[in-house]
Peer 1: 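Could you have a look at this structure, given as structure tokens, before my questions?
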Amino acid sequence: TVLIWSSEEGSWWDFSVVFKLAIAASNAWGLFLVSTLMGYGLVGVPRTVWQAASYREALEMNYARAPAFHEEKVSAMYEVDDIVR
């Protein structure tokens, strides 16, 4: 339909037409992705990717996880120490 309309207008390579077509295509793609991801419950995937791109948020998340990892490490060290003795 867009090709027929643009050929009738005779200005297919006009910048404003191509720009408007690109905007419409990107909006359609975004709506498709949102509806698909929501349908599968994968809305958290792009959020995780977005948060992983932020160094500050990643650092804060790692600071929050550090005590639990340290506790697991110490527990594993005591287990190994008990097994060795």
Peer 1: According to side-chain contact (heavy atoms from CB on, under 4.5 Å), who are the partners of I83, at least two apart in sequence or on a separate chain?
Peer 2: none

Peer 1: How long is the gap from CE on M61 to OG on S54, to the nearest 0.5 Å?
Peer 2: 9.0 Å

Peer 1: With rounding to the nearest 0.5 angstrom, report the CZ to CG distance, F32 to N27.
Peer 2: 15.0 Å

Peer 1: Which pairs pass salt bridge (charged side-chain N to carboxylate O under 4.0 Å, His left out) with one or both residues in residues 68-85, sequence neighbours excluded?
Peer 2: D81-R85

